[in-house]
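In what follows, a single structure is set out as structure tokens and then discussed.
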There are 2 protein chains.
Amino acid sequence: MQLELSVDRGSPVPLYFQLSQQLEAAIEHGRLTPGSLLGNEIELAGRLGLSRPTVRQAIQSLVDKGLLVRRRGVGTQVVHSQVKRPLELSSLYDDLESAGHRPTTKVLVNTVVPVSPEVAATLGVDEAGEVHRIERLRLAHGEPMAYLCNYLPLGLLDLDTRQLEATGLYRLMRAAGITLHSARQTIGARAAGAAEAERLGEERGAPLLTMQRVTFDDTGRTVEFGTHTYRPDRYSFEFQLLVRS
Amino acid sequence: MQLELSVDRGSPVPLYFQLSQQLEAAIEHGRLTPGSLLGNEIELAGRLGLSRPTVRQAIQSLVDKGLLVRRRGVGTQVVHSQVKRPLELSSLYDDLESAGHRPTTKVLVNTVVPVSPEVAATLGVDEAGEVHRIERLRLAHGEPMAYLCNYLPLGLLDLDTRQLEATGLYRLMRAAGITLHSARQTIGARAAGAAEAERLGEERGAPLLTMQRVTFDDTGRTVEFGTHTYRPDRYSFEFQLLVRS
DNA sequence: GTAGTTCGATTGTCCGGACATACGGATTGA
DNA sequence: TCAATCCGTATGTCCGGACAATCGAACTAC
């Protein structure tokens with residue numbers, strides 16, 4: 001079987017990226033079957049008119065994604081497992097939307113409040129200052145699924161309630177020119193109190209899935225601190241992990 | 001401030017790895033302060049007697065770890081945030097041990113059973129075959145913390161009950177020459193049934209944190225399928241996420 | 001027949017160079 | 001004063017080559 005590969009040197013898209021995309025697509029569509037060898041780098045480079053470092057860069061990016069495995073003296077082969085995608089820093093909104101649900105959002109609170117010492121510490125703002133506080137209810141198919149409480153520093157972006165109901169918080173931040181970099185998450189569970197049970201349409205004492213998240217942008221600023229609770233019968237966290245070598 | 005860096009060309013350790021380790025240590029110990037520039041690659045290469053590709057490889061590995069950020073036309077700087085480590089494919093045993101707890105394990109069941117259709121499907125074994133089934137109770141400071149139920153294909157490694165009580169499953173697999181590659185996890189919550197409540201010293205209906213995991217090795221084989229339940233007052237999942245660019 | 005050895009194949013590491021591209025500050029112009 | 005432009009600087013991409021380390025299979029010797 002000879003895989004059709006080609007690169008366009010006139011394109012502004014980097015050559016290694018063109019190649020890695022074609023390889024990824026070939027894996028995705030089964031044209032490269034799991035376990036099959038990829039052919040050695042030198043020969044591949046020659047066939048495409050590329051240098052070996054360029055080919056290696058393309059392959060490496062797919063290795064990092066967990067789609068390929070390299071073995072010295074053997075070759076590079078396609079991982080044969082149901083590897084889908086590594087965990088992304090994703091938003092609940094995007095998760096739901098890509099899963100085919102039609103998420104809707106109801107903004108319960110959207111104000112500016114004086115910070116508590118705890119929030120000031122995690123966001124890294126002055127203890128005497130103020131922060132945004134938003135509370136939202138996320139519904140799928142009209143049913144409440146999650147209750148989201150977030151704190152954001154002032155001046156980062158303007159939080160329009162209408163926009164918050166139309167899309168997710170992460171999209172708003174990206175649209176405001178903030179490039180997300182990393183987040184620290186804690187996932188746990190606890191019994192529902194009276195108020196939060198009411199909000200999610202559950203009974204008091206029912207199990208809730210909880211998530212706390214602190215998000216940083218690429219300059220290291222803390223841009224968001226959120227406390228979320230989910231109905232475990234309607235939502236769970238699902239993701240792929242890769243060992244770091 | 002001039003950072004002291006040096007490489008040993010006699011060492012079998014790759015040069016780029018020596019450099020990246022030194023840089024990581026410097027960041028860890030605060031000798032490279034957050035936000036500070038790293039000095040341009042060309043000059044750094046010259047100072048160390050290395051080529052630029054080698055220096056780039058070292059820097060790239062730290063960028064992948066989320067410790068550094070590159071900006072074209074500006075330079076490479078240390079991320080200033082409380083980034084610790086990205087999420088690893090780690091075992092509960094290692095987690096607890098590194099957190100200073102003294103985990104102990106009680107093996108409840110360690111047998112070979114005929115597969116159920118569900119387990120056969122996830123492990124990818126024949127529906128008429130058999131698999132290992134182990135049930136363990138993990139305790140920290142003598143208190144029950146998690147109940148672990150795992151299925152493994154036969155012939156992968158021998159499961160000695162004494163070894164299982166002395167260490168974690170992942171360590172046993174690594175010791176048996178299995179190189180873990182990736183895992184698919186699902187984290188959720190539910191109310192405790194009578195039996196599992198009893199095992200964890202909880203009451204019936206108490207919230208439990210649940211985790212399901214399917215683990216693959218580097219050849220794509222499915223090597224483990226586990227269903228775990230945790231007492232949420234004693235355990236939660238905590239990890240760092242990076243955006244993939 | 002079995003164990004040890006050799007050898008080809010393939011990736012891993014490293015080098016030195018070249019040009020492209022984007023960011024930020026300084027300069028220039030209105 | 002402010003906006004547009006220029007330019008230095010640093011990373012991004014790409015090349016061609018060299019040698020080392022490792023795996024697996026064929027081969028050899030016992």
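So you know, we letter chains A, B, ... as the sequences are listed, proteins then strands, and number each from 1.
- In this entry the distance linking CD1 of A:Ile42 with P of C:dT11 reads 8 Å, nearest Å.
- Straight-line distance from the CG atom of A:Leu68 to the P atom of C:dT10: 16 Å, rounded to whole Å.
- Note on B:Lys65 versus B:Glu24: salt bridge recorded, some NZ/NE/NH1/NH2 to OD/OE distance being below 4.0 Å.
- Among A:Val119, A:Thr222, A:Leu152, A:Val131, the single residue meeting the side-chain contact (heavy atoms from CB on, under 4.5 Å) criterion with A:Val125 is A:Val131.
- Between the B:Ser61 side chain and the B:Ala58 main chain, a donor and an acceptor come within less than 3.5 Å of each other.
- Residue contacts shown for A:Pro53 include a base, since a base heavy atom lies under 4.0 Å away.
- Judged by distance alone with a 3.5 Å cut-off, a donor-acceptor contact links the side chain of A:Arg52 to the base of C:dG12.
- Taking atom CG on A:Leu37 and atom C1' on C:dT11, their separation rounds to 12 Å, with Å as the unit.
- A side-chain contact (heavy atoms from CB on, under 4.5 Å) with B:Tyr151 holds for exactly one of B:His132, B:Arg133, B:Glu118; it is B:Arg133.
- Mapping B:Val13 and B:Val74 onto DNA chain C by nearest heavy atom places B:Val13 closer to the 5' end of the strand.
- The nucleotide range of DNA chain D contacted by chain B, defined by atoms under 4.0 angstrom from heavy atoms of the protein and reported 5' to 3', is D:dT9 to D:dT13.
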Under the side-chain hydrogen bond (donor to acceptor under 3.5 Å, both in side chains) criterion, do A:Gln60 and A:Arg70 qualify, and how do the steps go? CA-CA 9 Å; A:Gln60 187 59 47; A:Arg70 322 176 89 138; 2.7 Å; yes
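- Annotation: side chain of B:Phe237 is in contact with side chain of B:Ile187 (closest heavy-atom distance under 4.5 Å).
- Using a 4.5 Å heavy-atom threshold, the side chains of A:His181 and B:Val79 count as touching.
- Heavy atoms of B:Arg71 sit under 4.0 angstrom from primed sugar atoms or phosphate atoms, though from no base atom.
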Before giving the answer on salt bridge (charged side-chain N to carboxylate O under 4.0 Å, His left out), spell out for B:Arg184 and A:Glu238 the whole-Å C-alpha distance, their side-chain angles and the decisive distance to 0.1 Å. CA-CA 7 Å; B:Arg184 181 148 197 86; A:Glu238 197 163 319; 3.5 Å; yes
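- Distance, A:Leu15 CG to C:dC19 P: 17 Å, rounded to whole Å.
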Distance-only donor-acceptor pairs under 3.5 Å for side chains of residues 48-56 of chain B, two or more places apart:
| unit_1 | atom_1 | unit_2 | atom_2 | d |
| --- | --- | --- | --- | --- |
| B:Ser51 | OG | B:Thr54 | OG1 | 3.2 |
| B:Arg52 | NE | B:Glu41 | OE1 | 2.9 |
| B:Arg52 | NH2 | B:Glu41 | OE1 | 3.1 |
| B:Arg56 | NH1 | B:Glu41 | OE1 | 3.3 |
| B:Arg56 | NH1 | B:Glu41 | OE2 | 3.1 |

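- Residue whose closest nucleotide on DNA chain D sits further toward the 5' end, between A:Ser51 and A:Gly73: A:Ser51.
- Rounded to 10°, the helix from C:dG1-D:dC30 to C:dA30-D:dT1 has 10° between the axis fitted to its first five pairs and the one fitted to its last five.
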